[in-house]
Novice: 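Below is the structure I would like to discuss, written out as structure tokens.
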Amino acid sequence: MMKIDKAPVPLIIPNPDDPRLTQSVTGTDQTGARVEIKVPMERPLTLYLNAQEIVTMMTIGDYPEYLALGYLLNQNMLKFSDVVTEVEYDDDLQVVVVRTSHHTNFEAKLKKRTQTSGCAQGTAFGDLLEAVESVALPKAELRTSWLYQMTQTINTMPSLYLEAGAIHGCVLCKEGTPLCYTEDVGRHNAVDKIAGWMYRHGVEPGDKILYTTGRLTSEMVIKTVRMGIPILVSRSGFTAWGVDLARQVGLTLVGRTRGKRFIALAGEERIVYDQNLAYVEEESARHKRKGEGGDD
């Protein structure tokens, strides 16, 4: 694990009132009337690993250190056994540098990458499938009472999406309780922030659940498995490759979780049906998130 001084594990939740994350924009509505709305910020963040430039990401700009660490971990450029000596962020230059005690060189790897279905130009590298094939996910359980508690809590929490839209959210939960809730213009950024937060604070993944507002794609499955989390839940839908990969690696994959409904397409053996559906409320219209009209 990294040698940066440990700090108490913080609870992270969205802060829709943070003025750095949104901008007010004026326009006209369908009647021609002038309106003013908030829209999320989108700014570049360039990531260096030691002296090598790795990628420039488009992000809302919060938690750049977590995003940098999580990106490197989920792209297999950083391992849990590696020693990270420093994470330095320069707000003026919009640059974050991760420094390790060992030499790194990913020139060859950077030439072999695939643009994924993730919004804001998600990328994945050719060796990621090999990296997840040997992962053995823990034998956790998903109680339906936890699932309904978790989704109800998430749907009623303040969020940047409800304030400004055009954004994805990812939430790390233990049983039915959210621990770390991040948002960004791309769901891959949001989950990378969670990966970096877990790594930074030594949070164990084996008894955790990852929730996302976005589609359950191959990229999301790979990142979840890389993080060692055995259960992935979304309010949105699935892709065929995402389902195939989840079945291959033994990941529990649950989608279309809205109100009383959900569908599990992989790892169903972890689900414990302990919730009486008569006591589960349907989703309130004012708390609907992405994925309601389709599988976006």
Side-chain angles (χ1 to χ4, degrees), residues 1-5 12 18 20-21 23 40-132 166-168 170 180 182-201 214 217-227:
M1 295 297 289
M2 60 185 186
K3 296 298 185 181
I4 300 174
D5 290 339
I12 291 181
D18 188 338
R20 301 171 301 168
L21 305 183
Q23 178 179 328
M41 296 296 293
E42 188 178 13
R43 52 174 64 93
L45 176 67
T46 301
L47 167 61
Y48 284 81
L49 178 57
N50 296 313
Q52 185 175 27
E53 181 178 338
I54 300 298
V55 69
T56 296
M57 301 172 279
M58 299 306 298
T59 173
I60 60 174
D62 63 345
Y63 305 113
E65 296 90 348
Y66 293 152
L67 176 56
L69 287 169
Y71 179 90
L72 294 173
L73 285 164
N74 282 336
Q75 297 295 345
N76 203 29
M77 293 181 175
L78 188 66
K79 296 180 172 57
F80 284 96
S81 58
D82 291 339
V83 176
V84 173
T85 57
E86 186 179 24
V87 181
E88 182 180 0
Y89 171 63
D90 189 308
D91 187 57
D92 292 332
L93 297 177
Q94 293 294 291
V95 167
V96 60
V97 182
V98 176
R99 295 187 175 90
T100 63
S101 62
H102 65 287
H103 175 72
T104 56
N105 184 353
F106 290 102
E107 182 177 353
K109 183 170 182 173
L110 290 169
K111 293 178 180 178
K112 186 181 180 182
R113 54 186 172 183
T114 303
Q115 183 169 322
T116 72
S117 59
C119 46
Q121 295 185 335
T123 57
F125 295 91
D127 62 350
L128 282 183
L129 287 178
E130 297 176 7
V132 302
I167 207 163
H168 279 284
C170 289
C180 182
T182 64
E183 295 180 296
D184 213 304
V185 288
R187 60 183 174 271
H188 53 279
N189 285 349
V191 73
D192 284 347
K193 290 176 188 175
I194 291 178
W197 176 85
M198 294 174 67
Y199 181 70
R200 173 68 177 84
H201 300 287
T217 64
S218 58
E219 181 185 29
M220 285 300 298
V221 168
I222 290 171
K223 285 179 182 288
T224 305
V225 174
R226 285 281 303 159
M227 294 161 67

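Bear in mind the structure is a predicted one, so any value in this text is a computation, not a measurement.
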Novice: For His102, give me all partners under side chain to side chain contact (heavy atoms under 4.5 Å, CB included), at least two apart in sequence or on another chain.
Specialist: Asp82, Thr100, Thr104

Novice: Which pairs count as salt bridge (charged side-chain N to carboxylate O under 4.0 Å, His left out) when at least one residue sits in residues 63-81, sequence neighbours excluded?
Specialist: none

Novice: Taking only residues two or more places apart in sequence or in another chain, which ones pass side chain to side chain contact (heavy atoms under 4.5 Å, CB included) with Arg43?
Specialist: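 Once residues adjacent in sequence are excluded, the partners of Arg43 under the side chain to side chain contact (heavy atoms under 4.5 Å, CB included) criterion are Met41, Gln94.
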
Novice: For Tyr66, enumerate each residue passing the side-chain hydrogen bond (donor to acceptor under 3.5 Å, both in side chains) test, keeping only those at least two apart in sequence or located in another chain.
Specialist: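 side-chain hydrogen bond (donor to acceptor under 3.5 Å, both in side chains) check on Tyr66 returns His201.
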
Novice: Who are the salt bridge (Lys or Arg N to Asp or Glu O under 4.0 Å) partners of Glu53, not counting sequence neighbours?
Specialist: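 Glu53 satisfies salt bridge (Lys or Arg N to Asp or Glu O under 4.0 Å) with no other residue.
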
Novice: If every non-hydrogen atom of Ile60 is compared with every non-hydrogen atom of Pro40, which pair is closest and at what distance?
Specialist: CG2-CB, 4.5 Å

Novice: Do Ile222 and Arg226 touch side chain to side chain, with heavy atoms closer than 4.5 Å?
Specialist: yes

Novice: Do you know the tightest heavy-atom contact between Asn74 and Ala195?
Specialist: ND2-CB, 3.6 Å

Novice: Considering only heavy atoms from C-beta outward, does the side chain of Tyr63 approach that of Trp197 to under 4.5 Å?
Specialist: no

Novice: For the SG atom of Cys170 and the CE atom of Met220, what is their distance to the nearest 0.5 Å?
Specialist: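 Going from the SG atom of Cys170 to the CE atom of Met220 covers 4.5 Å.
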
Novice: What heavy-atom pair brings His168 and Gly186 nearest, and what distance separates the two atoms?
Specialist: CB-C, 4.4 Å

Novice: Under the side-chain hydrogen bond (donor to acceptor under 3.5 Å, both in side chains) rule, collect the residues that match up with Thr56, sequence neighbours excluded.
Specialist: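 Result, side-chain hydrogen bond (donor to acceptor under 3.5 Å, both in side chains) vs Thr56: Thr46.
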
Novice: Would you mind telling me which of Asn50, Thr85, Leu72, Ile54 makes a side-chain contact (heavy atoms from CB on, under 4.5 Å) with Val98?
Specialist: Leu72

Novice: About how many Å separate CG of Leu47 and CE of Met77, when rounded to the nearest 0.5 Å?
Specialist: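 Here the rounded value is 8.5 Å.
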
Novice: Taking only residues two or more places apart in sequence or in another chain, which ones pass salt bridge (Lys or Arg N to Asp or Glu O under 4.0 Å) with Asp18?
Specialist: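 Here the qualifying residues are Arg20.
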
Novice: Under the rule for side chain to side chain contact (heavy atoms under 4.5 Å, CB included), what residues qualify as partners of Val97, not counting sequence neighbours?
Specialist: Tyr48, Val95, Arg99

Novice: Identify which one of Val96, Asp90, Asp91 satisfies the side-chain contact (heavy atoms from CB on, under 4.5 Å) criterion when paired with Leu93.
Specialist: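 It is Asp90, the one option of Val96, Asp90, Asp91 that forms the side-chain contact (heavy atoms from CB on, under 4.5 Å) with Leu93.
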
Novice: Applying the side-chain contact (heavy atoms from CB on, under 4.5 Å) criterion to Asn189, which one of Ile167, Leu45, Thr59, Thr182 satisfies it?
Specialist: Thr59

Novice: Is there side-chain contact between Tyr71 and Leu78, with heavy atoms separated by less than 4.5 Å?
Specialist: no

Novice: Locate the shortest heavy-atom distance separating Asp62 from Glu183; write the atom from each residue and the value.
Specialist: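 Heavy atoms only, the tightest pair is OD1-O, 4.1 Å.
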
Novice: Taking the side chain as every heavy atom from C-beta outward, state whether Lys223 and His188 have any atom pair closer than 4.5 Å.
Specialist: yes

Novice: Are Met57 and Pro44 side-chain neighbours, meaning at least one heavy-atom pair lies under 4.5 Å?
Specialist: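 A side-chain contact under 4.5 Å is absent here.
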
Novice: Report yes if some heavy atom in the side chain of Asp192 is under 4.5 Å from a heavy atom in the side chain of Gln75; otherwise report no.
Specialist: no

Novice: Apply side-chain contact (heavy atoms from CB on, under 4.5 Å) to residues Lys193 and Val191 and explain how you reach the verdict.
Specialist: CA-CA 5 Å; Lys193 290 176 188 175; Val191 73; over 6 Å; no

